[in-house]
Protein chains: 2
Amino acid sequence: MTHEQPHSHAPELDSADLAAFEAAFEAAQKGLAEGGIPIGAALARDGVLIASGHNERVQNADPIAHGEMSALRAAGRQRSYRDTTLYTTLAPCAMCAGTIIQFKIPRVVVGEVHTFDGELELLRSRGVEVVLLDDQRCVDMMRTFQAERPELWAEDIAE
Amino acid sequence: MTHEQPHSHAPELDSADLAAFEAAFEAAQKGLAEGGIPIGAALARDGVLIASGHNERVQNADPIAHGEMSALRAAGRQRSYRDTTLYTTLAPCAMCAGTIIQFKIPRVVVGEVHTFDGELELLRSRGVEVVLLDDQRCVDMMRTFQAERPELWAEDIAE
């Protein structure tokens, strides 16, 4: 589906990055266990986790509650996001990319871009650093979901 | 602040457009009466109002609850937005513009662009029709708010 290739070697992530990314992955799994769409995200500041969240379209009948949006909502009001990183299991869509741009989040760590193209170029064009992983767990999680619930996935990306 | 000029003559809006835009304006006034940020929005399909909403940053400590987002959340899960129009009292920010693009909402009616530039060009570049009004009530509402609560306004647009 996507023509973009992730780093051939995993980019360097420090231990705080890895812990925050795991929080995003665990949020996605929690969403899946609830019967929802398995996409999760986490926000961290200077290596300290602020909040995580997952897609809640099914659970709360909330179309704007993508993983990234839920994590940002859970983080509450922040004076600034300029020292934060957002971690997400899947390439951000236009809604989530626009939010990252609007909130001036400078860095995004993305689990994979194989199962959804997202808006990585829009992010980069606005100066956001995109660290693209190639996390096979995230790929497998989404591929299974897309195969089992194609109509729900289509709804979530308005296709 | 903005260099974009609205239509020198008010664009033609039909009576359903006008009613939906009034719902957005009333939502903004409701938000203001609650102590919140006075920006409102409404979603309509084929001229019939689906939902309205207003900024809820203050009321719910929710940074993603801009007016447009609240209206879309209130509308719940929709199979498609291709036959909808979104009405908003103020030019959409990058979050709300990205959401309009992601949801494939084809048309947006904007109350004013004098007090915030927004992302009208991004919307147009993705094929969204932007109908820009020059509603003095919306301008006055935002100018008064920006003068009285500059720190809250700065927080809402991450400045």
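Convention: sequence-line order gives letters A, B, ...; per-chain numbering from 1.
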Enquirer: For A:Lys30, does the NZ atom have more than 12 heavy-atom neighbours from other residues, nucleotides or ligands under 6.0 Å away?
Expert: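 Incorrect, the count does not exceed 12.
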
Enquirer: Is it the side chain or the backbone of A:Glu119 that comes within 4.5 Å of chain B heavy atoms, both, or neither?
Expert: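 Contact with chain B involves the side chain of A:Glu119 alone.
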
Enquirer: CD1 of A:Ile64 to CZ of B:Arg73: how many Å apart, nearest 0.5 Å?
Expert: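 So the CD1 of A:Ile64 and the CZ of B:Arg73 are separated by 4.0 Å.
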
Enquirer: Just how far is it from atom CG of A:Leu122 to atom CD1 of B:Ile101, taken to the nearest 0.5 Å?
Expert: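 Reported to 0.5 Å precision, the distance equals 7.5 Å.
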
Enquirer: Sort A:Ala61 into side chain, backbone, both or neither according to what part of it lies under 4.5 angstrom from a heavy atom of chain B.
Expert: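 Both backbone and side chain.
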
Enquirer: Got B:Met95 and A:Met69 here, is their nearest side-chain heavy-atom distance under 4.5 Å?
Expert: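 A side-chain contact under 4.5 Å exists here.
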
Enquirer: Should A:Glu155 and B:Gln78 be marked as a side chain to side chain contact (heavy atoms under 4.5 Å, CB included) after you check the CA-CA gap, both sets of side-chain angles, and the distance that decides it?
Expert: CA-CA 8 Å; A:Glu155 181 190 315; B:Gln78 301 283 328; over 6 Å; no

Enquirer: Is there a continuous path of hydrophobic side-chain contacts, each under 4.5 Å between heavy atoms, that joins B:Leu43 to B:Val110?
Expert: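 Result: yes, single cluster for both.
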
Enquirer: What's the shortest heavy-atom distance between B:Pro63 and A:Gly76, and which atoms?
Expert: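 Taking B:Pro63 first and A:Gly76 second, the nearest heavy atoms are CG-O, 3.4 Å.
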
Enquirer: Using the rule that two of Ile, Leu, Val, Met, Phe, Trp, Tyr join whenever any of their side-chain heavy atoms come within less than 4.5 Å, decide whether B:Val113 and B:Leu123 are in one cluster.
Expert: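 Same cluster: B:Val113 reaches B:Leu123 through Ile, Leu, Val, Met, Phe, Trp or Tyr contacts under 4.5 Å.
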
Enquirer: For B:Arg77 and A:Leu152, which heavy atoms make the closest approach, and how far apart are they?
Expert: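 That closest heavy-atom pairing would be NH2-CD1, 3.5 Å.
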
Enquirer: Given that the side chain runs from C-beta out, which part of A:Ile105 has a heavy atom under 4.5 Å from chain B: side chain, backbone, both or neither?
Expert: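 Neither the backbone nor the side chain of A:Ile105 comes within 4.5 Å of chain B.
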
Enquirer: With ring-ring contact (aromatic ring centres under 6.0 Å, His included) as the rule and sequence neighbours excluded, what pairs involving residues 89-109 of chain A come up?
Expert: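 For residues 89-109 of chain A: A:Tyr81-A:Phe103.
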
Enquirer: Check for me, please, whether A:Leu13 and A:Tyr87 land in the same ILVMFWY cluster - side-chain distances under 4.5 Å, paths through other members count.
Expert: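 Same cluster: A:Leu13 reaches A:Tyr87 through Ile, Leu, Val, Met, Phe, Trp or Tyr contacts under 4.5 Å.
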
Enquirer: Is the number of heavy atoms from other residues, nucleotides or ligands under 6.0 Å of B:Arg137 CZ greater than 12?
Expert: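 More than 12 within 6.0 Å, yes.
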
Enquirer: Mind ranking B:Ser80, B:Ala75, B:Ala94 by heavy-atom pairs under 4.5 Å with chain A and telling me who comes out on top?
Expert: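 The answer is B:Ala94.
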
Enquirer: List the residues meeting side chain to side chain contact (heavy atoms under 4.5 Å, CB included) with B:Arg143, not counting sequence neighbours, and say none if there are none.
Expert: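 Side chain to side chain contact (heavy atoms under 4.5 Å, CB included) check on B:Arg143 returns B:His114, B:Thr115, B:Val139.
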
Enquirer: Which atom pair, heavy atoms only, marks the closest approach of B:Gln102 to A:Ala158?
Expert: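 Closest heavy-atom pair between B:Gln102 and A:Ala158: O-CB, 3.4 Å.
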
Enquirer: Below 4.5 Å from any heavy atom of chain A, which atoms of B:Ile157 appear? Answer side chain, backbone, both or neither.
Expert: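 Its backbone and side chain both get close to chain A.
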
Enquirer: Hydrophobic cluster membership, with links at side-chain heavy-atom distances under 4.5 Å among I/L/V/M/F/W/Y: are A:Met141 and A:Phe116 in one?
Expert: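 Different clusters: A:Met141 never reaches A:Phe116 through Ile, Leu, Val, Met, Phe, Trp or Tyr contacts under 4.5 Å.
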
